[in-house]
> 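Dumping the structure here so I can ask a few things about it.
Bear in mind that the values here come from a model prediction, so they are computed numbers and not experimental data. Throughout, numbering of the chain's residues begins at 1 and tracks the sequence.
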Amino acid sequence: MNERLYEQDLERIKALRLFDDDFLALVFEDNIEGTELLLNIIFDRDDMKVSKVVKQREIKGVEGHSVRLDILAEDSSHKIYDIEIQRQERGNLPLRSRYYSSMVDTTLLKKNEDYNLLVPTYIIFFTEKDIFGDGRPLRHYVTKEIECNDLLGDERHIMFINGENKDEKTALGKLVHDFKCHSADNMYYKVLANRVRYFKEEGGVQNMCKILEDMRTEVAKETAKRVARETSILTLIEAYRDIDMKESEIEERVMKKFNLSREEAKEYMLGKSA
């Protein structure tokens, strides 16, 4: 790595916060103590024990959309916790949480196993913005009957942590503050601060630089693949037009060959990247 890139990487590392999902996943990788702290604060307890933590596990859909989980943890009673960061105010987060919950479930049963073996799951989103706009620090959803408010008992939980919570008199407010800190020196919780300091100031800095270099390489590969695919699509459209094929037929053929939605195909037909 040349010196200029190295200096740029050091500046990027300084700017990272726990609200950056890749950094969050690194800080909590195999970090039992930190994850226990996190969950005990969220659930307002002091007795939760974590048995396993893995970072950014990818779950591939059989035919559909795959997901990459930021933190996946299991506690001593085998409950599963998926902890996610949501920074942008785009997309339908409640529907995203539904999809994540269903994808986590696909990992919990083997073929022909009984549904009774499904364990409680918690999909927990830390949102940088107050997406519901009412200032509440935490929302916890379960499935209930509309008429009588009875629990369905599917043991599926969806939770949202408000990243605009500024009440640092509470444990959760202090945790949100720590998620926004650029410097470990300004964090409340030493368990998290020590881990952040390691990757920003101590022995983990070189690991961070290697990760950033690998990310640049991966982005370059993905960009090249995307450009090649887009070029292939646009070239095929022009080839079909050269033989006076009907626009509607071109659209159908492009959709089928490149597995595009109709909206994506229409964008390409207009000469744009979908």
> Going by an N to O cut-off under 4.0 Å, is there a salt bridge joining Arg197 and Asp185?
yes
> Could you check whether any side-chain heavy atom of Val53 comes within less than 4.5 Å of a side-chain heavy atom of Ile71, counting everything from C-beta outward?
yes
> How many angstroms lie between atom CE of Met159 and atom CD1 of Ile42, to the nearest 0.5 angstrom?
6.5 Å
> Go through it in stages, so that I can follow the logic: the residues are Phe160 and Phe126, the test is ring pair (Phe, Tyr, Trp, His ring centres under 6.0 Å), and I'd like the CA-CA distance, side-chain angles, deciding distance and then a yes or no.
CA-CA 6 Å; Phe160 301 99; Phe126 277 80; over 10 Å; no
> Compute whether any side-chain donor of one residue and acceptor of the other, for Lys79 and Ser77, lie under 3.5 angstrom apart.
yes
> Assess whether a salt bridge exists between Glu238 and Arg241, defined as any Lys/Arg side-chain N lying under 4.0 Å from an Asp/Glu carboxylate O.
yes
> Should the pair Tyr81 and Phe43 be assigned to parallel (<30°), tilted (30 to 60°) or perpendicular (>60°) ring geometry?
perpendicular
> In plain terms, say whether Lys266 and Glu251 are close enough for a salt bridge, that is, a side-chain N and a carboxylate O under 4.0 Å apart.
yes
> Does a salt bridge link Lys52 with Asp75, judged by any charged N lying under 4.0 Å from a carboxylate O?
no
> Roughly how far, to the nearest 0.5 Å, is OG1 of Thr143 from NE2 of His157?
9.0 Å
> Checking salt bridge (charged side-chain N to carboxylate O under 4.0 Å, His left out) for the pair Asp22/Arg68: CA distance, chi angles, key distance, verdict?
CA-CA 11 Å; Asp22 289 321; Arg68 188 184 68 167; 3.3 Å; yes
> Starting at CG of Leu38, measure out to CD1 of Ile124 and round the result to the nearest 0.5 Å.
7.0 Å
> For Arg17, is there an ion pair with Glu128 - N to carboxylate O distance below 4.0 angstrom?
yes
> Under 4.0 Å between a Lys/Arg side-chain N and an Asp/Glu carboxylate O for Lys169 and Asp167?
no
> Report the distance from atom CZ of Arg262 to atom CD of Glu252, rounding to the nearest 0.5 Å.
4.5 Å
> Does the ring of Tyr240 carry Lys246 above it, NZ/CZ under 6.0 angstrom from centre and within 45° of its axis?
no
> With a cut-off of under 6.0 Å to the ring centre and 45° to the axis, is Arg87 in cation-pi contact with Phe19?
no
> Can you list the steps and then say if Ser232 with Phe258 is a side chain to side chain contact (heavy atoms under 4.5 Å, CB included)?
CA-CA 9 Å; Ser232 296; Phe258 293 98; 4.2 Å; yes
> Compute both the distance and the angle, then confirm whether Arg195 meets the cation-pi test with Phe28: under 6.0 Å from the six-membered ring centre, within 45 degrees of the axis.
no
> Begin with the C-alpha distance, continue with both residues' side-chain angles, and end with the deciding distance and a verdict on salt bridge (charged side-chain N to carboxylate O under 4.0 Å, His left out) for Arg139 and Asp134.
CA-CA 11 Å; Arg139 285 170 174 260; Asp134 61 4; 2.3 Å; yes
> State whether Asp20 and Arg12 are salt-bridged, where the test is any N-O pair (Lys NZ or Arg NE/NH1/NH2 against Asp/Glu carboxylate O) under 4.0 Å.
no
> Could Lys174 and Glu168 be called an ion pair, given the rule that one side-chain N must be under 4.0 Å from one carboxylate O?
no
> With a 4.5 Å heavy-atom cut-off, do Lys14 and His182 have their side chains touching?
no
> Using atom types as modelled and distance alone, determine if a side-chain donor or acceptor of Asp82 lies under 3.5 Å from a backbone N or O of Ser101.
no
> Just checking, any donor-acceptor pair under 3.5 angstrom between side chains of Tyr100 and Arg98?
no
